[in-house]
Amino acid sequence: MTITVACQPAKSAPKERQAWDDDVAAFMKAHPGVTVKSTDQQPCFDPKTFGPKLAGGQMETVFVVPVTNYADVIGQGQALDITPYTSAVKNWNDLRPDVRELVTKDGKVYGVPNVHYSVGLVYNRALFTKAGLDPNTPPQTWAEVREAAKKIAALGPGHVGYGEYSGGNTGGWHFTQAIYGRGGAILTLDGKKAAFNSPEGKAVLQNLHDMRWVDNSMGNKLLVGWESLMMAMGSGKVGMMLGAPDVVTDVVNKFRGNVADYGITGFPEAKASLSGGEAYMINPKATPEQVEAGMAWIDFRFNTVGKGRFDFARGKANGNPVGVPDNDVYGDSSTGKALQEERVKNASLPVANYEPYVRAAAAIPPKAEPAHAQELYAILDVVMSGVLSRQDANIDQLLADAETKANAMLAAKG
């Protein structure tokens with residue numbers, strides 16, 4: 001019997017790919033008669049190919065879904081009800097109840113939460129030191145972010161105090177992070193209308209406008225897709241950006257950043273923080289035997305302390321950045337505590353650099369992405385791009401236009 005599993009690391013990350021392949025071999029040895037075939041589509045979830053893959057019968061037995069798409073995938077019957085199989089995940093009851101709730105509908109479970117995080121402020125400690133700022137007391141307010149950004153930008157050509165996205169749906173995504181932090185919302189409570197044309201939305205854009213055009217602390221390149229800002233961060237010339245802890249992992253792993261340079265702190269003045277994440281789901285076409293094998297794989301590779309992705313000793317030996325608090329899926333349960341102990345014990349990173357984030361994140365309420373997130377982010381890209389590319393951009397007009405477009409999209413969705 002064969003199962004297919006999503007998310008094999010790309011060939012461009014040979015050590016991570018080898019670790020995955022080793023885990024597949026170990027799993028197959030422990031489960032005679034089960035063959036595991038991996039797909040290495042990166043990113044694991046691509047909204048453009050998800051529908052066609054599913055319709056064409058190409059979807060893996062075990063596939064990954066981001067939190068933004070849980071409701072759609074579950075609502076359209078594209079994920080199997082795995083309620084009878086949850087005991088296959090030995091630490092199931094230690095998963096955070098609020099995170100499990102996200103994959104539950106009408107009392108039935110449709111996925112195994114795999115990642116959960118909230119957004120903070122990622123910053124370059126080395127640049128802070130160079131600019132005469134104390135890296136151990138990072139900014140806590142937007143006024144302090146502005147001041148720090150000015151000092152970093154003043155270090156010379158190519159230095160960017162604060163980096164931000166303007167397109168590729170990442171601009172709208174970061175606008176959402178920023179408006180949540182200020183206590184605003186993207187949609188009304190019933191999800192029927194846009195709510196971002198608000199004092200909080202204006203404050204986000206005014207702050208970015210002033211940093212870009214008054215302070216000149218944001219550089220003059222428009223950063224469009226996800227990779228653009230990450231590359232800039234990895235080059236060591238960007239002082240700060242909004243991001244979850246996995247930004248540090250990616251900057252070091254994929255974009256050659258110097259591991260000692262990066263710290264994370266809490267979101268400035270946060271009233272809430274955008275939470276994100278993903279879950280593994282099972283193909284509804286899977287046979288009961290394939291479901292059992294798929295759940296056993298999810299348990300082994302993604303939910304066992306000291307094994308698979310939580311084999312921090314192997315990660316450290318491979319030169320991976322170990323120590324980033326990038327996944328709070330187990331909270332402070334006994335599994336969560338055991339994971340944190342292992343993470344600290346095998347840390348290859350300066351764990352103290354992330355303490356401000358750990359302290360702050362614990363006290364900031366998480367807020368989920370809005371419904372129809374990707375469509376909304378595309379609309380809000382235009383607003384972000386407008387403010388960052390035109391000094392005379394009319395913030396009220398940009399927000400009003402986006403509101404009209406968002407309301408039309410929401411009405412069409414019913």
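These numbers were taken from a predicted model, which means no experiment stands behind them.
For the atom pair NE2 (H116) and CG (L95), the distance works out to 11.5 Å, reported to the nearest 0.5 Å. Interatomic distance, OG1 of T170 versus CG of L229, reported as 8.0 Å (0.5 Å rounding). Separating the CD1 atom in I379 from the CG atom in L410 is a distance of 7.5 Å, to the nearest 0.5 Å. Of the inter-residue distances, the one linking F312 atom CZ with Q340 atom CD reads 8.0 Å to the nearest 0.5 angstrom. The OG1 atom of T404 sits 12.5 Å away from the CE atom of M409 when rounded to the nearest 0.5 Å.
For E101 and R96, the salt-bridge test fails: no basic side-chain N is under 4.0 Å from an acidic carboxylate O. Using a 4.0 Å cut-off between charged side-chain N and carboxylate O, R17 and D40 make a salt bridge. Remark: E60 engages K53 in a salt bridge, criterion side-chain N to carboxylate O under 4.0 Å. Between D332 and K337 there is no salt bridge, since none of the side-chain N atoms of the basic residue sits less than 4.0 Å from a carboxylate O of the acidic one.
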Exercise. Given E342 and K345, is the side-chain contact (heavy atoms from CB on, under 4.5 Å) satisfied, shown in steps?
Worked result: CA-CA 5 Å; E342 283 292 299; K345 187 170 89 185; 3.1 Å; yes

For this session: Decide yes or no on side-chain hydrogen bond (donor to acceptor under 3.5 Å, both in side chains) for Q397 and D401, but give the supporting numbers first.
Result: CA-CA 6 Å; Q397 191 62 51; D401 290 348; 3.0 Å; yes

Exercise. Taking it one step at a time, do V62 and I298 satisfy side-chain contact (heavy atoms from CB on, under 4.5 Å)?
Worked result: CA-CA 8 Å; V62 177; I298 292 169; 3.8 Å; yes

For this session: Just do the side-chain hydrogen bond (donor to acceptor under 3.5 Å, both in side chains) check on N136 and R125 with the steps written out, would you?
Result: CA-CA 8 Å; N136 295 322; R125 293 171 59 90; 2.8 Å; yes

For this session: Before giving the answer on side-chain contact (heavy atoms from CB on, under 4.5 Å), spell out for V65 and E278 the whole-Å C-alpha distance, their side-chain angles and the decisive distance to 0.1 Å.
Result: CA-CA 5 Å; V65 178; E278 64 184 36; over 6 Å; no

For this session: Test V109 against W92 for side-chain contact (heavy atoms from CB on, under 4.5 Å), laying out the working first.
Result: CA-CA 12 Å; V109 178; W92 177 259; 3.6 Å; yes

For this session: Test N114 against R309 for side-chain hydrogen bond (donor to acceptor under 3.5 Å, both in side chains), laying out the working first.
Result: CA-CA 11 Å; N114 190 51; R309 61 139 167 199; 3.0 Å; yes

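Atom CD of E355 has more than 12 heavy atoms from other residues, nucleotides or ligands within 6.0 Å. When the shell of 6.0 Å around CE of M28 is examined, it contains more than 12 heavy atoms from other residues, nucleotides or ligands.
Checked by atom type, the side-chain pair Q8/D21 shows a donor-acceptor distance below 3.5 Å. Between E369 and Y377, the side chains place a donor N or O and an acceptor N or O closer than 3.5 Å (distance only, hydrogens not considered). Side-chain contact check for T265 and Y354: no donor-acceptor pair (N or O, by modelled atom type) lies under 3.5 Å.
Legend: side chain to side chain donor-acceptor pair (under 3.5 Å) pairs involving residues 310-322, not counting sequence neighbours, sorted by first then second residue: D23-R314.
Between M240 and V122, the closest side-chain pair of non-hydrogen atoms is not below 4.5 Å. With contacts defined as side-chain heavy-atom distances shorter than 4.5 Å, the pair N353/Y262 does not qualify. Within the 4.5 Å cutoff, the side chain of D210 has heavy atoms near those of the R146 side chain. No side-chain heavy atom of F302 sits under 4.5 Å from any side-chain heavy atom of V112. Taking 4.5 Å as the limit, some side-chain heavy atom of M230 sits within range of a side-chain heavy atom of M241. For the pair S166 and L388, the minimum side-chain heavy-atom distance is below 4.5 Å. Contact check for L205 versus F175: side-chain heavy atoms found under the 4.5 Å cut-off. Taking the side chain as every heavy atom from C-beta outward, S275 and Y117 never approach each other to under 4.5 Å.
For an aromatic pair to be called close, the ring centres must be under 6.0 Å apart, and Y123 with F128 satisfies this. Ring to ring, F255 and W226 are close: their centroids are under 6.0 angstrom apart.
Checking N303, D299, T304 one by one against K90, the side-chain hydrogen bond (donor to acceptor under 3.5 Å, both in side chains) holds for a single residue, D299. Under the side chain to side chain contact (heavy atoms under 4.5 Å, CB included) rule, C7 has a single partner from F63, F45, W20, which is W20. The one candidate from I152, V238, L208 that meets the side chain to side chain contact (heavy atoms under 4.5 Å, CB included) condition with Y162 is L208.
With sequence neighbours left out, Y165 forms a ring-ring contact (aromatic ring centres under 6.0 Å, His included) with H174.
Nearest heavy atom pair, residue D396 against residue K202, reads OD1-CE, 3.1 Å. S385 approaches L222 most closely through the heavy-atom pair OG-CD1, 4.3 Å. V99 and P113 get closest at one heavy-atom pair: CG1-CB, 3.4 Å. The two residues G172 and L380 make their nearest non-hydrogen contact at CA-CB, 3.6 Å.
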